[in-house]
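So the structure is just underneath, and the comments pick up after that.
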2 protein chains.
Amino acid sequence: MSADAVTIGEAARGTGVSAKMIRYYEETGLIAPAARTASGYRLYAESDLHALRFVRRARDLGFSVEDIRALLALWHDRARASAQVRALALSHVSDLRRRIEALEGMARTLENLAAHCGGDARPDCPILDDLAAGPHSDS
Amino acid sequence: MSADAVTIGEAARGTGVSAKMIRYYEETGLIAPAARTASGYRLYAESDLHALRFVRRARDLGFSVEDIRALLALWHDRARASAQVRALALSHVSDLRRRIEALEGMARTLENLAAHCGGDARPDCPILDDLAAGPHSDS
DNA sequence: GTGGGGCTTCCCATCGTGGGAAGGTCAAGG
DNA sequence: CCTTGACCTTCCCACGATGGGAAGCCCCAC
């Protein structure tokens with residue numbers, strides 16, 4: 001099995017989580033307080049790095065830190081029901097889908113407006129006109 | 001022509017921008033400082049409400065306050081070239097598309113994982129396994 | 001003239017992240 | 001043994017956009 005404990009900098013390099021964020025996660029109780037050397041340096045064992053990679057991956061998947069707290073609890077709970085994990089993931093998916101729809105609507109509206117905007121040196125621009133006209137349902 | 005100046009509360013109700021945000025926009029120079037009554041109350045004329053609705057609409061379209069600053073400048077500039085507006089809008093669209101793609105990737109990955117997760121009471125769950133396995137390119 | 005609602009400013013919190021200062025530690029090289 | 005430089009520690013501040021709330025003034029209707 002691999003190496004012993006490493007310092008925070010190596011942990012950061014090895015997990016893709018910045019040292020700053022590792023301390024933050026510890027401070028907010030997302031991860032357990034790290035072991036310390038006699039002089040106060042934090043030490044990370046392989047299992048700690050594993051947890052950090054878990055957090056990193058979940059952040060990459062767009063989970064909030066609070067969601068990750070729940071996921072980690074389920075992860076550490078050997079008797080967890082997969083239904084809970086699945087529900088959490090699917091709830092997050094629908095959240096993602098909602099955000100995607102919102103962004104899609106914005107993008108479509110702007111593309112429509114831009115399509116009718118000459119893009120030349122004339123000052124007529126339906127984009128500004130639309131903005132000035134106030135909110136309405138997009139096409 | 002319509003009414004005279006209104007107070008910040010009425011402006012908020014009339015534009016959908018909270019009083020708090022109106023003050024913030026003024027403080028950060030996004031909108032011009034409002035006129036004041038003798039006793040210090042802010043007063044908003046129809047043209048101010050127009051600008052606030054412009055900001056509101058642009059926020060709804062996902063523009064950052066900094067982007068809106070540029071849009072407002074172009075709006076106020078009667079000799080603006082529509083090309084600039086169009087470029088700003090399209091650049092924002094590609095930003096939106098990038099964010100959509102990122103969210104889409106997350107959603108797809110999670111849906112794949114959830115599809116292989118029993119969702120029953122057994123503790124086997126590929127979602128947690130994947131998170132624990134660290135980052136990899138999604139399927 | 002009093003009560004209640006609206007306005008003012010000021011400070012604080014959020015969420016996740018980064019920057020930087022002031023100071024202790026450690027390992028390598030002279 | 002001492003210096004140097006890279007690393008670590010804690011602490012505070014900042015972002016962007018928004019909301020909450022306190023303390024205090026103002027205005028209108030009764």
Side-chain angles (χ1 to χ4, degrees), chain A residues 4-31 33-45 48-49 52 54-72 92 95-96 99 102-103 106, chain B residues 4-31 33-45 48-49 52 54-72 92 95-96 99 102-103 106:
Chain A
D4 270 20
V6 297
T7 61
I8 200 171
E10 289 168 280
R13 279 186 293 275
T15 62
V17 181
S18 73
K20 217 88 187 192
M21 291 313 298
I22 295 176
R23 294 194 196 97
Y24 171 76
Y25 293 151
E26 175 179 326
E27 183 192 316
T28 59
L30 185 66
I31 58 174
R36 301 285 187 131
T37 66
S39 59
Y41 281 26
R42 287 178 180 79
L43 286 181
Y44 297 87
D48 299 317
L49 300 186
L52 284 171
F54 184 108
V55 172
R56 174 64 149 80
R57 171 82 174 135
R59 291 290 301 148
D60 286 348
L61 287 172
F63 284 98
S64 72
V65 168
E66 280 319 296
D67 282 345
I68 299 175
R69 202 181 299 280
L71 287 171
L72 280 170
H92 181 51
D95 189 57
L96 289 171
R99 286 156 63 189
L103 296 181
M106 299 177 197
Chain B
D4 270 20
V6 297
T7 60
I8 200 171
E10 290 169 280
R13 279 185 294 276
T15 61
V17 181
S18 72
K20 216 88 187 191
M21 290 315 297
I22 295 176
R23 294 195 196 96
Y24 172 75
Y25 292 151
E26 174 179 325
E27 183 191 316
T28 59
L30 184 66
I31 59 174
R36 301 285 187 131
T37 67
S39 60
Y41 281 26
R42 285 178 181 78
L43 286 180
Y44 297 87
D48 299 317
L49 300 185
L52 284 172
F54 183 108
V55 172
R56 174 64 149 78
R57 172 81 175 137
R59 289 292 299 146
D60 285 349
L61 287 173
F63 285 98
S64 73
V65 168
E66 279 320 295
D67 282 346
I68 298 175
R69 201 181 299 279
L71 287 171
L72 281 169
H92 181 50
D95 189 57
L96 289 170
R99 286 156 63 187
L103 296 180
M106 299 177 197

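These values consider heavy atoms only, across backbone and side chains, with no hydrogens, waters or symmetry-generated copies.
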Distance (rounded to the nearest 0.5 Å) between Leu71(A) CG and His92(A) NE2: 9.0 Å

Sugar-phosphate, base or nothing in reach of Arg42(B), heavy atoms under 4.0 Å: sugar-phosphate

Whole angstrom value for the distance that separates C1' of dA17(D) from CZ of Arg23(B): 16 Å

Spacing between Tyr24(B) atom OH and dT14(C) atom P, to the nearest angstrom: 18 Å

Spacing between Met21(B) atom CE and dG19(D) atom C1', to the nearest angstrom: 9 Å

Short side-chain N/O contact from Ser39(B) to OP1 or OP2 of dC27(D), under 4.0 Å: yes

Of Gly40(B) and Phe63(A), the one whose closest DNA chain C nucleotide lies more 5': Gly40(B)

Check: Thr7(B) and Thr37(B) side chains under 4.5 Å, non-hydrogen atoms: no

Polar pair under 3.5 Å, donor/acceptor by atom type, side chain Lys20(B), base dG21(D): yes

Inter-residue atom distance Tyr24(B).OH - Ile31(B).CD1, 0.5 Å rounding: 12.0 Å

Residue-phosphate contact under 4.0 Å: Tyr25(B) side-chain N/O, dT18(D) OP1/OP2: yes

Sugar-phosphate, base or nothing in reach of Arg59(B), heavy atoms under 4.0 Å: sugar-phosphate

Presence of Arg36(B) side-chain N/O under 4.0 Å of dT9(C) phosphate oxygens OP1/OP2: yes

Whole-Å gap separating P (dA17(D)) and CD1 (Ile31(B)): 14 Å

Expected output: side-chain Arg42(B) to main-chain Ala34(B) donor-acceptor under 3.5 Å: no

Sugar-phosphate, base or nothing in reach of Ser18(A), heavy atoms under 4.0 Å: sugar-phosphate

Presence of Thr7(B) side-chain N/O under 4.0 Å of dC7(C) phosphate oxygens OP1/OP2: yes

N/O donor-acceptor pair, side chain Tyr41(A) with base dC26(C), under 3.5 angstrom: no

Minimum side-chain heavy-atom gap Val55(A)-Leu30(A) below 4.5 Å: yes

Touch class at under 4.0 angstrom, heavy-atom based, for Ser64(A) against every strand present: sugar-phosphate

Gap between atoms CG and C1', on Leu43(A) and dT25(C) respectively (whole Å): 13 Å

Nucleotide dT9(D), atom C1' - distance to CD of Glu27(A) in whole Å: 13 Å

Residue mapping more 5' on DNA chain D - nearest nucleotide basis, Glu66(B) or Ala38(B): Glu66(B)

Side chain of Ile8(A) - closest among dT8(C), dG16(C), dT9(D): dT9(D)

Interatomic distance, Arg56(B) CZ vs dT18(D) C1' [rounded to whole Å]: 13 Å

Rounded distance in Å - CD (Glu10(A)) to P (dA27(C)): 12 Å

Lys/Arg N to Asp/Glu carboxylate O, Arg13(B) vs Glu10(B), below 4.0 Å: no

